[in-house]
There are 2 protein chains.
Amino acid sequence: MPLPDVVVNRSSPVPLYFQVAEQLERAIFEGKLAPGDRIANEVALAGDLGLSRPTMRQAIQLLVDKGMLVRKRGVGTQVVHPPIKRTVELTSLYDDLKRGGRQAETQVLDQQLVEADEVAASRLKVAEGSSVWKLDRLRTVDGEPLALMRNFVPAAISDLSHVDFTTTGLYEHFRAGGIHLRVAHQTISARRAETAEARLLGGRKGDPVLTMERTSFDDSGRAVEYGTHLYRPDLYAYETTLVDR
Amino acid sequence: MPLPDVVVNRSSPVPLYFQVAEQLERAIFEGKLAPGDRIANEVALAGDLGLSRPTMRQAIQLLVDKGMLVRKRGVGTQVVHPPIKRTVELTSLYDDLKRGGRQAETQVLDQQLVEADEVAASRLKVAEGSSVWKLDRLRTVDGEPLALMRNFVPAAISDLSHVDFTTTGLYEHFRAGGIHLRVAHQTISARRAETAEARLLGGRKGDPVLTMERTSFDDSGRAVEYGTHLYRPDLYAYETTLVDR
DNA sequence: CAGTGGTCTAGACCACAGT
DNA sequence: CTGTGGTCTAGACCACTGT
């Protein structure tokens, strides 16, 4: 009974466990599976779909890690989450906004090669004084200033000299260059806006701003980007789903 | 060569994959494995330890999910992270501070049964007007006010009437009662402090405060707790490690 | 007790990266 | 080409939950 209509396509290049996870996820978002509903046990599901149990487990585990399902030994697997927004992923704000369908614009305030100061050098694990690109951008959504972003990228990682960041996100540029971001470390806090910051963000000096500091690493473990961003807290909030493993 | 001295104890109740992951993690934290180092391939590691490859993979995957290792097909597995702080886990601030060894104190400002308002009811998925515990606490560290926390717990979930929250954390109380938190959804932003809030946090009206709103679910998928917390941004920052899967 | 997820094995074939 | 991780199978036994 608790068997959603899942079908797998064995000639597809998409992994079987991923196909299953995708369809279960859609069923949850569409409300076919409501929070509290129990799904069939792993062995039965695997049998029905003609999959091995480890493959079925992998599909379920993906959704458990996303916080959509919970498993309890001896009991079963249940749907937890209401159809909330998607999980926080390793993407830039620009990508987020584009998918949200809102009218996002970017203004490049500064884009030049500079010598890394002590902080940027330590975060990027390069020598102090070495060449890094500095990129200052102002992001607006529907005409309202939303974020003021400063990023540093080691010159050895990528050449940003001829990139137009009014139309291309930083992460998008990395992907296009074959650089795959895998891990990011973030620190989020708040403070008062300085005069210049407030002017750019369309507020007044002393207004509260949400601050985010981030260092991203690629799949070779190299530090690729270090950024300090300011967000207008009336327009932006950071959402996360934490899962206890 | 890139084989850290890992040993497994097959008579231990601790899962083999967990034993391996623990020892690799310790090797990274102790600097025996530095960022950029490559570890041996999965098949070799599994063979050396007398484990099957899936078990070895599970161990490595655990550390990949923590953001400590990155894998690249055709290349190998490398250490990414500097020995930064532990990953954000599903714990309360109180637990965090206790482990940090700082002098944390809690003052209970209010602890009573109330009728759920619209927001609390919707977050906790209970009927508006139903009985929920309301708990207001002020957290200080080394004598400085750090956080002002308001939490709601459905009366049906737990009876908080005789709990002394000056000595017990909310999550600690849940664990003791056999309630296991599994998933939490958080929203973080910032705003200006109100007069009363500022007074309690030792600041002035209009000071910026970091805000966190959280709903936690247990392993049965029940909403167990809804909280709105205020933090002093000069004393507290929220750290996360994101991993692209 | 029966039913569930948690762990583990010993293989297999494939896709991709670098030489 | 070789070496690596990515996926998948078809079983097995154990630990925990609820009746």
Side-chain angles (χ1 to χ4, degrees), chain A residues 1-3 8-22 37-65 69-80 178-180 182 218-222 244-245, chain B residues 1-3 8-22 37-65 69-80 178-180 182 218-221 243-245:
Chain A
M1 184 251 291
L3 305 169
V8 296
N9 172 6
R10 300 197 86 102
S11 56
S12 161
V14 178
L16 299 176
Y17 76 89
F18 195 84
Q19 293 183 34
V20 175
E22 245 181 346
D37 281 1
R38 268 190 29 200
I39 66 176
N41 70 67
E42 300 177 349
V43 181
L45 277 175
D48 286 354
L49 295 175
L51 302 174
S52 68
R53 187 182 161 204
T55 300
M56 194 63 222
R57 262 186 81 77
Q58 199 176 354
I60 293 175
Q61 188 60 47
L62 204 65
L63 299 185
V64 169
D65 286 343
L69 299 177
V70 279
R71 289 200 276 208
K72 200 156 51 161
R73 172 152 40 179
V75 178
T77 303
Q78 290 176 301
V79 179
V80 230
I179 296 174
H180 303 104
R182 278 291 174 80
D218 74 356
D219 51 13
S220 302
R222 299 182 301 179
D244 191 14
R245 314 169 184 222
Chain B
M1 183 251 289
L3 306 169
V8 296
N9 173 8
R10 301 198 83 102
S11 55
S12 162
V14 178
L16 299 176
Y17 77 90
F18 195 85
Q19 293 183 34
V20 174
E22 245 181 346
D37 282 1
R38 272 196 20 206
I39 66 176
N41 70 67
E42 301 176 350
V43 181
L45 276 175
D48 286 354
L49 295 174
L51 301 174
S52 67
R53 187 182 161 204
T55 301
M56 193 63 221
R57 261 187 82 76
Q58 200 176 355
I60 293 174
Q61 189 59 47
L62 205 65
L63 299 185
V64 169
D65 286 343
L69 299 177
V70 278
R71 289 199 276 207
K72 199 156 51 162
R73 174 156 33 181
V75 179
T77 304
Q78 290 176 301
V79 178
V80 231
I179 297 173
H180 304 105
R182 278 289 174 80
D218 74 355
D219 51 13
S220 301
V243 179
D244 191 14
R245 317 171 182 219

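Chain letters run A, B, ... following the sequence lines, proteins first, then strands; residues in each count from 1. This structure is a prediction, so every number in the text was calculated from the model and none was measured.
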Atom-to-atom span, CD1 of B/Ile60 to C1' of D/dG6 - whole angstrom:
13 Å
Rounded to the nearest Å, what distance is computed from the CD atom of residue B/Gln78 to the C1' atom of nucleotide D/dT4?
12 Å
Of A/His180 and B/Val14, the one whose closest DNA chain C nucleotide lies more 5':
B/Val14
Please determine whether a side-chain nitrogen or oxygen atom of B/Asn41 lies at a distance below 4.0 Å from atom OP1 or OP2 of D/dT4.
yes
Nucleotide paired to D/dG11 in any strand shown, Watson-Crick or G-U, under 3.5 Å
C/dC8
From C-beta outward on B/Thr55, which listed nucleotide comes closest to its side chain: D/dG6, C/dC8, D/dC13?
C/dC8
Which part of the nucleic acid, if any, lies within reach of B/Pro54 when heavy atoms closer than 4.0 Å are counted: base, sugar-phosphate only, or nothing?
base
Among the candidates C/dC8, D/dC8, C/dG5, find the nucleotide nearest to the side-chain atoms of A/Pro15.
D/dC8
Separation of B/Glu42 atom CD from D/dG3 atom C1', in whole Å?
12 Å
5' priority, DNA chain D, between A/Leu51 and B/Lys72 [closest heavy atom]
B/Lys72
What is the distance from CG of B/Leu45 to P of D/dG3, rounded to the nearest Å?
16 Å
For A/Arg10 and for B/Gly74, locate the closest nucleotide of DNA chain D by heavy-atom distance; then report the residue assigned to the nucleotide nearer the 5' terminus.
B/Gly74
Value for CG (A/Leu16) from CG (A/Leu51), rounded to nearest 0.5 Å, stands at 5.5 Å
Measure from CD on B/Gln61 to P on D/dG5 and round the result to the nearest Å.
12 Å
Quick one: does B/Glu42's side chain have a donor or acceptor within less than 3.5 Å of a partner on B/Met56's backbone?
no
B/Arg71, nearest nucleotide to its side chain (from C/dT9, D/dT9, D/dG5):
D/dG5
What nucleotide, of C/dC8, D/dG5, C/dG18, holds the atom closest to the side chain of B/Val75?
C/dG18
D/dC8 phosphate, OP1 or OP2: any side-chain N/O from A/Tyr17 under 4.0 angstrom?
no
Straight-line distance of A/Asn41 CG to A/Arg53 CZ, nearest 0.5 Å:
8.5 Å
Identity of whatever pairs with D/dG3 - Watson-Crick or G-U, under 3.5 angstrom
C/dC16
B/Arg57 side chain, from C-beta outward: closest of D/dT7, C/dG5, C/dC8
D/dT7
Taken to the nearest whole Å, CG/B/Asp219 to P/D/dC16 is 14 Å
Among the nucleotides C/dC8, D/dT9, D/dA15, whichever has the atom closest to the side chain of A/Arg73 is D/dA15
Here the gap from A/Leu63 atom CG to A/Glu22 atom CD, rounded to the nearest 0.5 Å, amounts to 10.0 Å
Would you give the length of the straight line joining atom CG of B/Asp219 to atom CZ of A/Arg73, rounded to the nearest 0.5 angstrom?
12.0 Å
Which nucleotide, D/dC13, D/dT7, D/dT9, lies nearest any side-chain atom of A/Gln58?
D/dT7
With distance as the sole test, does A/Arg182 use its side chain to make a donor-acceptor pair with the main-chain N or O of B/Arg71 at under 3.5 Å?
yes
